[in-house]
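First the structure, in the form of structure tokens, and then the observations on it.
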Amino acid sequence: MTNPQQALILVDLQIDFCPLGALPVPEGDQVVPVANALMPHFSTVVATQDWHPANHGSFAANHPWRKPGQVIDLHGLPQVLWPIHCVQESFGAEFVAELHTDAITQVFRKGTDPNIDSYSGFFDNGHRRATGLGDWLTARGITEVFIMGLATDYCVKFTALDARQLGFKTYLILDGCRGVNLQEGDTDRAVAAMRDHGVTVITADQLLSNSLL
Ligand code: VGL
Ligand code: ZN
């Protein structure tokens, strides 16, 4: 049985975030089997897709003399610069081939505005514009969200923090996530920050074996 008030949110399970991709997350591909195992246990499965235009301001290549990993001011917000990744319609922006995409109820794309990045699946990094995910979940009667995907220290973290802020009971599926770790310890600090903000950290096995569902 599935609980109609619960949704699974799969964050950015895209080719560019896997080990052979443009912005590789170490072991990023290893979370795909976790997603596939969990999807049948949810009546609502949302997937986010990082979906940048080629002129996106988060790409180091769009700023003369800048390199990935550097931080700039992008229209008033600090912005980590990244390699070119998840360009709209490109191969690297596609979902990982092994992901069972038939089980996805709805896809939300983010990062489409060249002037601002969007780590969260709910809002851009300045909380200026919503993607529609929050209203969509609420309209379906969803009150609890289970979040996993890539990367723990960026898009997963900000998706989970926004989910909490919007009032959803929020679970992080720890073994369904991997981090970038630009700085050693970033992933651990991200998990701690989520916990501090009321996110419940669980494992996929806990989810499947006990009474959460
Ligand atoms: C992400 C960096 C840039 C992510 C997306 O999915 O975590 N990280 N764009
Ligand atoms: Zn991105």
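One-based numbering, in listed order, for ligands and for the atoms of each. We number each residue from 1, following the sequence as shown.
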Requested in this report: Begin with the C-alpha distance, continue with both residues' side-chain angles, and end with the deciding distance and a verdict on side-chain contact (heavy atoms from CB on, under 4.5 Å) for His63 and Ile72.
Outcome: CA-CA 9 Å; His63 302 275; Ile72 64 162; 3.5 Å; yes

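- Nearest N/O/S atom of Asp50 with respect to the Zn ion (ligand 2) is recorded as OD2.
- Taking 2.8 Å as the threshold, His52 counts as a candidate ligand of the Zn ion (ligand 2), since one of its N, O or S atoms lies below it.
- Taking backbone and side chain together, Asp117 holds no N, O or S atom under 2.8 Å from the Zn ion (ligand 2).
- Atom-to-atom distance recorded for Ile202:CD1 and Ile173:CD1 is 5.0 Å, nearest 0.5 angstrom.
- Not a single N/O/S atom of His56, whether from backbone or side chain, sits less than 2.8 Å from the Zn ion (ligand 2).
- Asp50 is not listed as a side-chain neighbour of Trp82, based on a closest heavy-atom distance of 4.5 Å or more.
- Here the side chains of Lys110 and Trp51 are not in contact, with every heavy-atom distance at 4.5 Å or above.
- For the 3.5 Å distance criterion, the side chains of Glu144 and Gln6 qualify, holding a donor opposite an acceptor.
- For Phe59 and His85, the distance between ring centers is under 6.0 angstrom.
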Query raised in the report: Please walk me through it: do Gln165 and His127 pass side-chain contact (heavy atoms from CB on, under 4.5 Å)?
Result: CA-CA 12 Å; Gln165 204 178 322; His127 269 232; 4.0 Å; yes

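- The N, O or S atom of His85 lying closest to the Zn ion (ligand 2) is NE2.
- Closer than 4.0 angstrom to ligand 1 by heavy atom are Asp12, Phe17, Leu23, Asp50, Trp82, His85, Tyr119, Leu150, Ala151, Tyr154, Cys155, sorted by chain and number.
- Counted within 6.0 Å of NE2 on His197, heavy atoms from surrounding residues, nucleotides or ligands total 12 or fewer; the atom is thus considered open.
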